[in-house]
Peer 1: 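Dropping the structure in here first, questions after.
FYI, side chains are in, hydrogens and waters are out, and symmetry mates aren't considered; it's all heavy atoms of this structure.
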Amino acid sequence: MASLQRSPAIKFEGFDGWGGRIGCELLKPLALSGVEDIHIIMEMPRKPSRCRRSPRHLPLTFSPFFRTVAQVASYCKANHQIHESTFHKKSPPNAAGNRSINHTLEEKSEESESSDEDSSEVVAQADFAFFNPKPDDFHGVKVLLQTYLDNKLWDLSGFVDLILGQTTVGTVVKIDDDEDNGVFSFITALNLGRYKGHKCIMELKEFLLGVGPEKDVKDALRLLLGEEAQNVGLLVSQRVVNLPPQLLPPLYDALFDEISWATEDEPTEECRSSFCFKFFLLISRIYKHKNADQRKGRRGDIDEAIIYVKPEDEIFHKLSLWSFSFPLHTEHVATHELRNYRLMGLVMAIEADKVSTFRKELHSLIDEP
C-alpha cells in the first residue's frame, strides 16, 4: 500500500501501476491520505494553449469496479470527501513562450468513521513540475520500466538512454525543487524505424512477436514492426499510480503537441519526418477476468471482464485498430477482490488520426463531473 506520512524526511512507497513495488525518498511533507493543495507547474518551450474549464475531482479510477482498482493502486482512502477543485493557467513572469499550470485540489479526510467530532483535516502541499528528459532522470525512469517487458532480460538501460536522449519530445514529472530528484511519471514516443538498429528496440520487437497471437493480428503486428516501422511511434507512458489523475490530460496534450511541433522545428528533414507518425503502438497491462471469454454477452454479471490499470487505456482500447492480450509471468500484488482476475499484458495499435478523439475523451473523463 502506498504510504506517506508527515515527517522531515518521507519515504514514498507505492506501485508502478503494474503491480510492481517502487519507492523513493521525499524531503517535504506529502500525504496521499489527505491532500489539500497540489500545484502542477508545467514549463514547456512553447506558447500556452487555450485555457480549459475547471475540472471537478473524480474518483481516481474510472470504471464501476473502481474500488478494487483503488485498493490495488492505493490511490486514496474510501472515506475521502472532495470539496473543491480549481484549475487555471497563467504564464510565468520572465518566461516568454513557456507554459505553467497551477492546480489546486482540496480534500477533507476523516480519521475516524465512528464519530464526526473526531474528524480532522490533513493538509499537505506538493508541487509537481513537468521537465524535459535529462540524464539525471536515468534511475527514476528505469525503476518505472522494470517490468515493461514482463520478466524479459533485455537492454533496459539502452532503452532508457533512448528516452532521455530525445529531449524535444517527451516529459518527465517530478516534485518541484525536490533534492532527491524522484521521477513520478514520464511519457514519450519513439520512432521504431529511426531506432531500429538499437539492441533494445530489436529485443522489444522480438518480445512482441513472441507473445503475439497467431493469424491476422500477428501479421498486422509484424507489418508495424517491419515495413511500417518508420511510421510507428512507440508510446511509452509510465507513472506511480498515486499521481493525481488531473495530470493526465496536460501530460498527453504536451506529448502530442510536441510531436506536432517536432514535425516543423527539428533541425533536419530526417528528424522532422521521424515524428510524422501514422500509428502509435502501446504496451500496457490490464486485469482480465479468468472467465472473460465465457462471460461475453451475459447479463447480470457484477464483475467486469476487464479492469484497466490506467484509465486512459480504456479509451485507447476502444479506439484501437487492433489489440491483443497475453499472459504475464512477473510477480505482482494480488488482493481478495482480484481473486477472479489475472494480470495480463495488453498491446494496442492506434491510428494517429484518432489522437484528437482520444484527447477529447480523456479531458471528458477527467474534467467532467
Side-chain angles (χ1 to χ4, degrees), residues 15-24 133-167 169-172 183 185-214 217-241 255 274 277 279-286 309-310 313 316 323-333 342-350:
F15 302 98
D16 60 3
W18 290 355
R21 190 180 299 275
I22 61 177
C24 64
K134 59 183 181 180
D136 290 348
D137 301 322
F138 181 88
H139 177 70
V141 171
K142 187 175 182 179
V143 167
L144 291 176
L145 285 167
Q146 284 297 321
T147 58
Y148 183 64
L149 296 186
D150 196 14
N151 62 350
K152 178 180 175 63
L153 296 177
W154 65 302
D155 186 18
L156 177 56
S157 294
F159 190 62
V160 176
D161 286 337
L162 288 185
I163 292 172
L164 300 182
Q166 185 174 277
T167 58
V169 173
T171 300
V172 174
V183 175
S185 177
F186 76 89
I187 190 169
T188 192
L190 301 175
N191 185 295
L192 291 181
R194 179 180 181 181
Y195 301 113
K196 64 181 180 181
H198 291 259
K199 181 182 178 182
C200 59
I201 297 300
M202 291 188 288
E203 290 176 333
L204 182 143
K205 292 180 179 180
E206 178 185 2
F207 171 81
L208 290 176
L209 290 173
V211 300
E214 299 299 330
V217 173
K218 192 164 188 176
D219 291 338
L221 171 64
R222 186 177 286 108
L223 180 65
L224 292 190
L225 298 180
E227 296 177 19
E228 290 285 345
Q230 190 63 37
N231 299 317
V232 179
L234 179 68
L235 201 164
V236 188
S237 176
Q238 278 296 93
R239 61 183 180 270
V240 296
V241 294
L255 174 69
S274 70
F277 299 122
F279 305 95
F280 289 99
L281 191 66
L282 291 85
I283 305 174
S284 192
R285 297 191 176 190
I286 55 174
V309 178
K310 299 177 183 176
D313 282 347
F316 277 131
S323 66
F324 66 87
S325 59
F326 59 92
L328 296 172
H329 304 92
T330 304
E331 183 179 351
H332 64 278
V333 177
R342 62 168 60 96
L343 188 62
M344 303 282 289
L346 177 65
V347 178
M348 298 176 283
I350 315 295

Peer 1: Taking the six-membered ring for Trp, is the centroid-to-centroid distance between Phe207 and Phe326 below 6.0 Å?
Peer 2: yes
Peer 1: Distance-only, no hydrogens or angles: does the Glu228 side chain make a donor-acceptor pair with backbone N or O of Ala220 under 3.5 Å?
Peer 2: no
Peer 1: Run the salt bridge (Lys or Arg N to Asp or Glu O under 4.0 Å) test against Arg222 and tell me which residues pass, sequence neighbours left out.
Peer 2: Asp219
Peer 1: CG/Leu204 to CG/Leu281 distance, rounded to the nearest 0.5 angstrom?
Peer 2: 8.0 Å
Peer 1: Determine the sole option in Leu149, Thr147, Val141 for which the side chain to side chain contact (heavy atoms under 4.5 Å, CB included) test with Leu145 is passed.
Peer 2: Val141
Peer 1: How many angstroms lie between CG in Leu282 and OG in Ser323, if you round to the nearest 0.5 Å?
Peer 2: 11.0 Å
Peer 1: Once you round to the nearest 0.5 Å, how far does CG of Leu208 lie from CG of Leu225?
Peer 2: 6.0 Å
Peer 1: Tell me the closest heavy-atom pair linking Ala189 and Gln166, and the distance in Å.
Peer 2: O-NE2, 2.8 Å
Peer 1: Heavy-atom distance under 4.5 Å between the side chains of Asp313 and Met348, does that happen here?
Peer 2: yes
Peer 1: Report the distance from atom OG1 of Thr330 to atom CZ of Arg285, rounding to the nearest 0.5 Å.
Peer 2: 4.5 Å
Peer 1: What pair of heavy atoms forms the shortest contact from Lys205 to Ala229, and how long is it?
Peer 2: NZ-CB, 4.3 Å
Peer 1: Is the shortest side-chain heavy-atom distance between Phe324 and Leu221 below 4.5 Å?
Peer 2: yes
Peer 1: How close do Arg194 and Gln230 get, counting heavy atoms only, and between which atoms?
Peer 2: N-OE1, 3.7 Å
Peer 1: Is the shortest side-chain heavy-atom distance between Thr171 and Leu255 below 4.5 Å?
Peer 2: no
Peer 1: Quick check for you: to the nearest 0.5 Å, what is the distance between Phe277 atom CZ and Leu235 atom CG?
Peer 2: 9.0 Å
Peer 1: Could you check whether any side-chain heavy atom of His329 comes within less than 4.5 Å of a side-chain heavy atom of Lys152, counting everything from C-beta outward?
Peer 2: no
Peer 1: Between Leu224 and Asn231, does the side-chain contact (heavy atoms from CB on, under 4.5 Å) criterion hold? Intermediate values first, please.
Peer 2: CA-CA 8 Å; Leu224 292 190; Asn231 299 317; over 6 Å; no
Peer 1: Is any side-chain heavy atom of Val183 closer than 4.5 Å to one of Val143?
Peer 2: no
Peer 1: Would the distance check show the side chain of Ser185 and the main-chain N or O of Ser237 forming a donor-acceptor pair, the cut-off being under 3.5 Å?
Peer 2: no
Peer 1: Kindly say whether Leu328 contributes a backbone atom to a donor-acceptor pair with the side chain of Asp150 at under 3.5 angstrom?
Peer 2: no
Peer 1: Sequence neighbours excluded and cut-off under 3.5 Å, please list the side-chain donor-acceptor pairs for residues 153-162, or say none.
Peer 2:
residue: Asp155; atom: OD1; partner: Gly158; partner atom: N; Å: 3.0
residue: Ser157; atom: OG; partner: Lys142; partner atom: NZ; Å: 2.9

Peer 1: To the nearest 0.5 Å, what is the distance between CG (Leu144) and NE2 (His139)?
Peer 2: 9.5 Å
